[in-house]
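Working notes, structure below.
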Amino acid sequence: MRNLAVSSAILCSLACGTNAQERLAAYQTLNVPRAHQRATFAKLAANPGDRVDQTLAVDLKLDSTVRKGHETVDQSSSQLVRNQQRTVVVEEVVEGLTIAARVRYSKC
């Protein structure tokens, strides 16, 4: 695995137990005086032990109707709801790239 890519619909902190070597992934905020309307954020490099807690929520509803001419032949409705909580911990970084991570899934 060369690169680690994690995508999430909703990202938020969870109340998960932590290991002494784990720390929340951080972003450096630069202080900008109130007179300015612009803020700049810089991403910190990944380090072993960095942790990010994620919640992924998917709610999909599908209504379908099959017609033959003006006549309705079939109607159906289905719904998929999925909530997933996971914790990603960086295990190994080589030349600034995360090459190993531990992912822990918890029950919602």
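In this text, all values refer to a predicted model and were calculated from it rather than measured experimentally.
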Distance, nearest 0.5 Å, that separates CG of L44 from CG of D50: 8.5 Å

CZ on R86 to CG on D53, rounded to 0.5 Å: 11.0 Å

Test side chain to side chain donor-acceptor pair (under 3.5 Å) applied to E92 - qualifying residues, sequence neighbours left out: none

Connected via hydrophobic side-chain network under 4.5 Å: V81 and L56: no

Show every donor-acceptor pair shorter than 3.5 Å between a side-chain atom in residues 59-75 and any protein atom, with sequence neighbours excluded, or say none if there are none.
residue, atom, partner, partner atom, Å
D59, OD1, Q79, NE2, 3.1
D63, OD1, S77, OG, 2.7
S64, OG, S76, OG, 2.8

Atom of V93, atom of A46 and distance for their closest heavy-atom approach: CG2-O, 3.7 Å

